[in-house]
Amino acid sequence: MTRTLRSAEQLVAAGLAPAAALAELRAVEQRFAVAITPAVQARIGTADDPVGRQYIPHADELRIAPHETDDPTADAPFTPIKGVVHRYPDRALLKPLLACPVYCRFCFRREHVGPDGGLLTDAELDAALDWFARTPAVTEVILTGGDPLMLSARRMAHILDRLCAIPHIATLRIHSRVPVADPGRITPAMLRTLTRETPLYLCVHANHAQEFGADAATSLRALHGAGVVLLGQSVLLAGVNDNAAALEALFRTMLAHRIKPYYLHALDAAPGTARFAVPDARALELLRELRSRVTGLAWPVFVRETPGGGGKRPLGPAWPSQD
Ligand SMILES: *Cc1c(COP(=O)(O)O)cnc(C)c1O
Ligand code: SF4
């Protein structure tokens, strides 16, 4: 039986890293969490293929460039109460925990996420939910973390029950890697809890067509059947999806699973992620090439997080007008 790999030793034993890299990978693992679920292991061919590269730690993660910061999206100044980030007038993030099914090597919250980090206590969660109840300008709650679908169905039900009882909450949104990276967590109990009168949008994170296995397909079909609206979010990553064919396959695969691509993010400058960077000029060239190849349904908005907390900005591409 395969299990989630969580250490350098386990990666070496599974043949996903060479024994010679053990000491370096141990040093990486001290600083940044590691987890590779059985569902993801089944999608990895080689360590540096488009799936392996996203999850298998690498010695380069210890090379921190001067412009890389531990809070690239600058959440800290926009935190009115623990677990909440309020940057835009009409919507706010609720981060009930900081654990994820897998730990992405390029993660913009990598200094904060981890298996035993950040579960809000009952009192902290209640205080955060109270903040939403007394902030009527906020009509959309975005559950993120970490990964909210790591919560038990019971705890998720508690959170959604409380939010749905607030009259000014019109939209629920969850950002998650679970449907693709750990689809077994989409249980019948979780599906029941996600079925709500209040519209619930699930923003599914995936970066390559190769990540979608048969179990992911089943979980996505079930989520759609439960009345959840599926959106896609991806990150543009060197060596993973930085060519037009890979992006086309990714977005077409999302459409095939009833996921509407929503955002393609430029990489945030989190520590030790430089090997994933794609220069802006190259990114815009790729997107220009892609636009003529795919249906508008497959077309996400390409955004970058403005350093210092300015929020997400669309980056283009722009076309010269042709009249
Ligand atoms: C990304 C983000 C949102 C959601 O932004 P949308 O453009 O609506 O997807 C909301 N709050 C914060 C703090 C964010 O970083
Ligand atoms: S699932 Fe999201 S929050 Fe978790 S490590 Fe990956 S990118 Fe970061």
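Whatever order the structure lists ligands and atoms in, that order sets their numbers, starting from 1. Keep in mind that the numbers below use all heavy atoms, side chains included, and drop hydrogens, waters and symmetry copies. Everything numeric here is computed off the predicted structure, so don't read it as measured data.
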Is ligand 1 under 4.0 Å from a heavy atom in the side chain of I142, in the backbone, in both, or in neither? side chain
Please confirm whether the backbone N or O of V180 pairs with a side-chain atom of E211, one donor and one acceptor, at under 3.5 Å? no
With atoms numbered from 1 as shown, which atoms in ligand 1 lie under 4.0 angstrom from a non-hydrogen atom of V85? 13 (C)
Test item, F78 contacting ligand 1 (heavy atom, 4.0 angstrom): no
Regarding C104, does it place an N, O or S atom less than 2.8 Å from atom 8 (Fe) of ligand 2? no
Output the list of atoms in ligand 2 that are nearer than 4.0 Å to some heavy atom of Y103, sorted by atom number. 5 (S)
Of all the atoms in C100, is at least one N, O or S atom closer to atom 4 (Fe) of ligand 2 than 2.8 Å? yes
With a 4.0 Å cut-off on heavy atoms, is H205 in contact with ligand 2? yes
CZ/F302 to CG/L236 distance, rounded to the nearest 0.5 angstrom? 5.5 Å
Counting each atom of ligand 1 from 1 as listed, which ones have a heavy atom of Y262 under 4.0 Å away? 6 (P), 7 (O), 8 (O), 9 (O)
Is there a donor in the side chain of H265 and an acceptor in the side chain of E305, or the other way round, less than 3.5 Å apart? no
When you measure from the centre of the six-membered ring of Y55, is the NZ or CZ of R43 under 6.0 Å away and within 45° of the axis? no
Looking only at protein heavy atoms, which one is nearest to atom 1 (S) of ligand 2, and what is the separation? R177 CG, 3.2 Å
Determine the interplanar angle of the H257 and F212 rings, folded into 0 to 90°, and report it as parallel if under 30°, tilted if 30 to 60°, perpendicular if over 60°. parallel
For the residue pair T139 and D90, confirm or rule out a side-chain donor-acceptor distance under 3.5 Å. no
Tell me the protein heavy atom at minimum distance from atom 8 (Fe) of ligand 2, and give that distance in Å. C107 SG, 2.3 Å
Specify the protein heavy atom at minimum distance from atom 7 (O) of ligand 1: its residue, its atom name, and the distance to 0.1 Å. Y263 OH, 2.5 Å
Hey, is R173 one of the residues with a heavy atom under 4.0 angstrom from ligand 1? yes
With no hydrogens and no angle check, just 3.5 Å: does a side-chain donor-acceptor pair link E29 and Y103? no
Would you say the side-chain atoms of Q54 pair up with the backbone N or O of V51, donor to acceptor, closer than 3.5 Å? no
Regarding atom 5 (O) of ligand 1: of the candidates H265, E140, R91, E305, which has the closest heavy atom? R91
On a heavy-atom basis, I'd like to know which of Q233, R87, K312 is closest to atom 3 (C) of ligand 1. K312
Report yes or no: is the cationic atom of R110 (NZ for Lys, CZ for Arg) under 6.0 Å from the centre of the six-membered ring of F32, at an angle within 45° of the ring normal? yes
